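Residue numbers start from 1 in every chain, and the chains themselves are labelled A, B, ... in the order their sequence lines are given, proteins ahead of strands. Since this is a predicted model, take the numbers as computed values, not measurements. Just the heavy atoms: all of them, side chains too, but no hydrogens, waters or symmetry mates, feed the values below.
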Number of protein chains: 2
Amino acid sequence: MPRKRNAHRNADTPTLADVARLAGVSDITASRVVRNKGPIADATRAKVLAAIAELGYIPNRAAGSLASSGSTLMSVLLPSLSNIVFPDVLRGIHTALTETAFQPVIGVTDYDPVIEERILLSFLAWQPAAVILAGLHHTATARRHLEHGRFRVAELMDIDGDPVDIAVGMSHWQAGYDTGKHLVQRGYRRFGYAGHTIASDDRARARYDGLRAALKEAGLLLIAEERVQGGSSTLAGRHLLEAILRKAPGLDVVVFPNDDMAMGGIFHCMHAGITPKEQLGIFGFNGLDIGQALPLPLSTILSKRFLIGKTAAEKLLESRERPAEKTIINTGYDIIEGATA
Amino acid sequence: MPRKRNAHRNADTPTLADVARLAGVSDITASRVVRNKGPIADATRAKVLAAIAELGYIPNRAAGSLASSGSTLMSVLLPSLSNIVFPDVLRGIHTALTETAFQPVIGVTDYDPVIEERILLSFLAWQPAAVILAGLHHTATARRHLEHGRFRVAELMDIDGDPVDIAVGMSHWQAGYDTGKHLVQRGYRRFGYAGHTIASDDRARARYDGLRAALKEAGLLLIAEERVQGGSSTLAGRHLLEAILRKAPGLDVVVFPNDDMAMGGIFHCMHAGITPKEQLGIFGFNGLDIGQALPLPLSTILSKRFLIGKTAAEKLLESRERPAEKTIINTGYDIIEGATA
DNA sequence: CAGAATAATGATAGCGCTACCATAAATCAC
DNA sequence: GTGATTTATGGTAGCGCTATCATTATTCTG
């Protein structure tokens with residue numbers, strides 16, 4: 001004996017069939033109204049919309065997704081949320097997705113490609129319309145899935161490499177190089193670097209490499225270098241500057257991998273009575289608002305996080321199919337001269 | 001004539017049936033292995049896992065979700081991502097969800113209950129296991145859906161009110177009140193307030209009300225009050241302190257709705273040669289790391305954002321069913337005495 | 001050692017939606 | 001005015017999975 005129909009269904013939740021019945025149309029017509037797809041007579045649309053409102057119908061996206069083998073989810077994999085940079089990117093993505101049917105699903109990788117792979121695979125189970133991740137380095141498995149999947153892919157932040165589909169960002173190596181050239185031109189000669197040890201922060205490393213290349217070109221070297229274990233923070237930057245100056249008192253400029261740490265440097269200067277720029281140049285990266293609100297605005301490079309996120313999401317929405325040609329969008333950066341270097 | 005079976009399926013993607021066939025078991029047995037549910041002989045499990053690995057099988061969550069009318073998604077609705085507070089909360093949520101099958105889907109409401117409602121409804125289409133939102137005020141429609149839905153609900157940040165299911169946070173009114181008492185006790189008498197105009201930032205308003213209540217109790221008043229249009233920022237805080245001091249030069253303490261703005265106040269003091277604490281008390285809210293890295297650490301209240309997010313998500317995971325009794329978890333706050341008030 | 005519980009597996013029928021094809025009516029081209 | 005297109009609608013068969021019920025082999029209870 002067949003089990004009673006609808007045995008395990010959600011009795012109180014109206015379905016599209018309920019809407020269709022109430023509106024006096026077929027299921028598929030109701031579906032067309034909901035999805036705003038295909039030709040529908042105005043009168044029919046009105047009837048269906050009224051039925052939807054009356055029943056308080058909420059479409060079941062799982063069913064829709066299954067039937068159409070595609071979803072309105074966009075997977076977003078970010079290295080971190082502690083660093084305001086990535087919330088800024090996410091804000092850009094979210095801005096582009098507002099008013100569309102797409103929703104971001106987010107995962108945090110802790111800068112670890114293995115975690116990135118694990119989260120990616122679990123996200124693919126939802127058949128996302130697109131995947132957004134940071135950087136161009138992924139595990140081999142991740143890369144394989146990204147290449148063969150039926151979804152768009154955007155790799156953010158960095159453009160120094162070969163993207164799967166779309167890359168949106170800037171050249172971090174170039175930014176580091178320009179930092180070096182800029183500071184040399186300003187007359188600084190005795191360089192220090194106060195960084196962190198996040199091995200997978202490829203961007204910070206690329207900037208570091210660029211900086212060294214510029215120094216080499218000018219016949220200079222990094223005289224001193226200190227790194228904190230693990231994540232960067234303002235407090236770490238403050239302690240680090242103190243430490244590096246103790247070891248190498250003759251420095252005339254210290255470069256930090258980001259504004260958070262650089263601001264810690266500024267705070268150390270304030271505390272120790274060092275005049276930034278004149279006695280010691282301080283240079284950051286990111287161009288955070290807060291650094292520009294300081295009594296002496298921080299000298300730094302403005303990365304365009306929000307724009308990167310927004311541009312990427314907009315670009316992904318242009319077509320569901322992956323185009324034959326890869327796209328690389330350089331959002332560039334601005335050197336903020338500031339008052340500290 | 002019936003259409004060919006599998007006409008619109010994804011030819012290259014292996015399904016559970018493929019796994020089952022390769023492993024020589026039935027579909028449902030393979031499903032049990034994937035979900036780790038029900039009794040399975042070790043040998044059978046091994047066969048199925050081998051088949052999964054060989055095929056590179058990725059489960060289709062849409063199908064699973066549809067069949068079981070429930071998903072592993074957790075909807076997270078945050079007012080903003082610009083304010084580091086909410087990324088911190090999100091980080092806590094994410095930490096609790098790591099190692100579980102749950103994934104956060106995030107939406108940003110811009111502090112607008114109408115946008116919150118819209119996003120909530122679109123999220124419910126995924127039959128989430130739980131919904132996390134900020135605050136206890138929602139539109140009537142949103143509240144109705146939250147109350148009648150088959151999912152857990154956590155309302156974060158605030159506990160002054162009646163939650164749908166779980167509330168995790170602190171009393172912002174009390175925090176404001178304690179701020180007032182603390183500052184009065186420290187000898188401050190001539191109070192100013194430098195805030196913003198986000199009407200729906202209920203928490204900031206509750207703190208403001210608590211502050212005024214404490215002042216009233218001490219026979220005092222807010223002598224001056226300034227607000228910036230729209231969102232808060234460090235730069236806004238800096239300009240605002242300048243403005244308020246111009247209008248009311250006699251103030252001996254200014255309270256800010258958050259650390260971002262309070263730091264702007266500190267920066268104005270530095271610029272204008274005002275000694276914080278002695279000449280002018282500055283008090284914030286949130287207890288951001290950066291405020292504590294300042295040469296003079298900011299006096300403020302430490303809200304426990306990460307803990308709030310983490311606790312809420314953990315609590316939600318305890319049971320899929322909504323318990324009969326509502327839960328209110330007070331994560332409390334700490335007054336950081338700092339050096340600026 | 002019979003009867004009862006437990007462990008391990010499978011057959012079947014949907015979950016709620018949309019792709020695909022088909023049909024009928026209205027509009028168009030020339 | 002006749003064939004060709006366009007507009008509007010519907011019937012049907014899945015999408016890939018899991019809830020339910022059924023079955024058989026195994027272990028337990030007293």
Side-chain angles (χ1 to χ4, degrees), chain A residues 1-21 23-48 52 55 57-72 124-127 150, chain B residues 1-21 23-48 52 55 57-72 124-127 150:
Chain A
M1 182 184 66
R3 173 173 42 135
K4 195 172 81 211
R5 216 191 132 85
N6 294 345
H8 66 272
R9 61 163 300 215
N10 240 333
D12 45 348
T13 318
T15 70
L16 192 57
D18 297 326
V19 170
R21 198 173 315 118
V25 299
S26 69
D27 294 17
I28 188 67
T29 298
S31 169
R32 289 193 181 105
V33 173
V34 170
R35 287 176 296 149
N36 223 347
K37 193 179 176 186
I40 294 285
D42 289 346
T44 309
R45 169 173 287 113
K47 274 190 299 181
V48 174
I52 287 173
L55 295 175
Y57 169 70
I58 294 181
N60 183 329
R61 289 296 313 139
S65 198
L66 178 59
S68 65
S69 52
S71 78
T72 54
L124 293 187
W126 291 102
Q127 315 218 129
R150 307 177 125 217
Chain B
M1 183 184 63
R3 173 174 39 139
K4 195 171 81 211
R5 215 190 132 84
N6 297 343
H8 65 274
R9 61 162 300 216
N10 237 332
D12 45 347
T13 319
T15 71
L16 192 58
D18 298 326
V19 170
R21 199 174 314 117
V25 298
S26 70
D27 294 16
I28 188 68
T29 298
S31 168
R32 288 192 182 107
V33 172
V34 170
R35 286 177 296 150
N36 224 345
K37 194 180 177 185
I40 295 286
D42 289 348
T44 309
R45 168 173 289 113
K47 275 190 300 184
V48 174
I52 288 173
L55 295 174
Y57 169 69
I58 294 180
N60 183 328
R61 290 293 315 137
S65 197
L66 177 58
S68 65
S69 50
S71 79
T72 53
L124 294 186
W126 292 101
Q127 315 219 130
R150 306 177 126 216

Novice: Ala63(B) or Ala41(B): which one's nearest nucleotide on DNA chain C is closer to the 5' end?
Specialist: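 Its nucleotide being nearer the 5' end, the pick is Ala41(B).
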Novice: Hey, what do you get for OG (Ser68(B)) to CD (Gln127(B)), rounding to the nearest 0.5 Å?
Specialist: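 Answer for the OG-CD pair, Ser68(B) versus Gln127(B), is 8.5 Å.
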Novice: Could you please name the option among dT9(C), dC17(D), dT7(D) that lies closest to any side-chain atom of Thr44(B)?
Specialist: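 Closest of the options to the side chain of Thr44(B): dT9(C).
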Novice: Measuring from the side chain of Ile40(A) (C-beta onward, heavy atoms only), which nucleotide among dC17(C), dT9(D), dG10(C) has the closest atom?
Specialist: dT9(D)
Novice: Would you mind reading off the distance between Ile58(B) atom CD1 and dC17(D) atom C1', rounded to a whole angstrom?
Specialist: 16 Å
Novice: What nucleotide among dC17(D), dT20(D), dT18(C) has an atom nearest to a side-chain atom of Leu16(A)?
Specialist: dT18(C)
Novice: Rounded to the nearest Å, what distance is computed from the CG atom of residue Leu66(A) to the P atom of nucleotide dA19(C)?
Specialist: 12 Å
Novice: Let me know the distance between CH2 of Trp126(B) and C1' of dG16(C), rounded to the nearest Å.
Specialist: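 The distance from CH2 of Trp126(B) to C1' of dG16(C) comes to 13 Å, rounded to the nearest Å.
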Novice: Under 4.0 Å, heavy atoms only, any strand: does Ser65(B) hit a base, just the sugar-phosphate, or nothing?
Specialist: nothing
Novice: Residues two or more places apart in sequence or in another chain: which of them pass side chain to side chain donor-acceptor pair (under 3.5 Å) with Thr72(A)?
Specialist: none
Novice: Of the nucleotides dC17(C), dA8(D), dA7(C), which one has an atom closest to the side chain of Tyr57(A)?
Specialist: dC17(C)
Novice: Check whether any side-chain heavy atom of Asn60(B) sits under 4.5 Å from a side-chain heavy atom of Thr15(B), and report yes or no.
Specialist: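 Result no, sub-4.5 Å side-chain heavy-atom pair not found.
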Novice: Output the rounded distance in Å from CD (Gln127(A)) to P (dT18(C)).
Specialist: 15 Å
Novice: A side-chain contact here means heavy atoms from C-beta on lying under 4.5 Å apart; do Tyr57(B) and Asp18(B) qualify?
Specialist: no
Novice: Mind calculating the distance between NZ (Lys47(A)) and P (dT9(D)) to the nearest angstrom?
Specialist: 8 Å
Novice: Taking donor-acceptor contacts at under 3.5 Å, does the side chain of Arg61(A) reach the base of dG16(C)?
Specialist: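 No, no donor-acceptor pair under 3.5 Å.
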Novice: On DNA chain D, does the nearest nucleotide to Arg35(B) precede the nearest nucleotide to Ala62(B) from the 5' side, or the other way round? Give the residue.
Specialist: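 Comparing both residues, the 5'-ward one is Ala62(B).
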Novice: Can you measure Ile28(B) atom CD1 to dC17(D) atom P for me and round it to whole angstrom units?
Specialist: 11 Å
Novice: Is Thr29(A) near enough to dG10(D) that one of its side-chain N or O atoms lies under 4.0 angstrom from OP1 or OP2?
Specialist: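 Affirmative; the distance criterion is met.
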Novice: So Ile52(B) and Val48(B), do their side chains get closer than 4.5 Å, heavy atoms only?
Specialist: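 In contact.
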Novice: With respect to the phosphate group of dG16(D), does any side-chain polar atom (N or O) of Thr15(B) fall under 4.0 Å of OP1 or OP2?
Specialist: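 Result: no.
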Novice: Under 4.0 Å from OP1 or OP2 of dC17(D): is there any side-chain N or O of Ser31(B) that close?
Specialist: no
Novice: Just the rounded figure in Å: distance from C1' of dC20(C) to CG of Asp27(A).
Specialist: 15 Å
Novice: Figure out the CG/C1' separation between Asn36(A) and dT18(C), and round it to whole Å.
Specialist: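 Rounding to the nearest Å, CG of Asn36(A) and C1' of dT18(C) are 15 Å apart.
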